[in-house]
*Asks:* 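Following this message is one structure expressed as structure tokens.
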Amino acid sequence: MRELQLTDEKKSGSSAMAGPMEATQALACIILWNSGHFDTLDISNLIHVREDAVYRTLHAARAVQKEGVQ
């Protein structure tokens, strides 16, 4: 029987959000997503950030687009 590991080092930081993203990374994230060829994991690997940072950036971009330019 396989032993249960209660402290998995790989998952230890999974609940913590990634730090802030550089402006150029955020722009690249939005451009890559809008191309329709990449998913959030692909983008995170390409621009070297965590996937949750990509998701949060795309969510923020959608919110800004929905509000429109003032």
*Asks:* Could you state the interatomic distance from CD (E51) to CZ (R56), rounded to the nearest 0.5 Å?
*Replies:*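 Answer for the CD-CZ pair, E51 versus R56, is 12.0 Å.
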*Asks:* Each residue besides L27 in its hydrophobic cluster should be listed here, by chain and number; the cluster joins Ile, Leu, Val, Met, Phe, Trp and Tyr at side-chain heavy-atom distances under 4.5 Å.
*Replies:*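 Traced through the cluster, L27 reaches I31.
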*Asks:* Yes or no on side chain to side chain contact (heavy atoms under 4.5 Å, CB included) for D39 and I43, after CA distance, side-chain angles and deciding distance?
*Replies:* CA-CA 6 Å; D39 62 16; I43 294 168; over 6 Å; no
*Asks:* Taking only residues two or more places apart in sequence or in another chain, which ones pass side-chain contact (heavy atoms from CB on, under 4.5 Å) with A28?
*Replies:*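 Applying side-chain contact (heavy atoms from CB on, under 4.5 Å) to A28 gives I47.
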*Asks:* For a quick test of reading the model, state the closest non-hydrogen atom pair linking I30 to L58 and the distance between them.
*Replies:*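 Closest approach of I30 to L58, heavy atoms only: CA-CD2, 4.2 Å.
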*Asks:* Which atoms form the tightest heavy-atom contact between M21 and Q25, and what is the distance?
*Replies:*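 That closest heavy-atom pairing would be CG-CB, 3.4 Å.
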*Asks:* According to side-chain hydrogen bond (donor to acceptor under 3.5 Å, both in side chains), who are the partners of S44, at least two apart in sequence or on a separate chain?
*Replies:*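 In terms of side-chain hydrogen bond (donor to acceptor under 3.5 Å, both in side chains), with neighbours along the sequence ignored, S44 is linked to no residue.
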*Asks:* Got a sec, which residues hit side-chain contact (heavy atoms from CB on, under 4.5 Å) with S35, two or more places apart in sequence or on another chain?
*Replies:*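 Here the qualifying residues are H37, F38.
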*Asks:* If you measure from CG on N34 to CD on Q65, what distance do you get to the nearest 0.5 Å?
*Replies:*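 Answer for the CG-CD pair, N34 versus Q65, is 7.5 Å.
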*Asks:* Which ILVMFWY residues can you reach from L41 by hopping between side chains whose heavy atoms are under 4.5 Å apart?
*Replies:*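 Traced through the cluster, L41 reaches no other member.
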*Asks:* Let me know which of V54, L32, N45 forms a side-chain contact (heavy atoms from CB on, under 4.5 Å) with T40.
*Replies:*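 Testing each of V54, L32, N45 against T40, the sole residue satisfying side-chain contact (heavy atoms from CB on, under 4.5 Å) is V54.
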*Asks:* Excluding sequence neighbours, so at least two apart, what forms side-chain contact (heavy atoms from CB on, under 4.5 Å) with Y55?
*Replies:*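 Checked Y55 against side-chain contact (heavy atoms from CB on, under 4.5 Å); zero matches.
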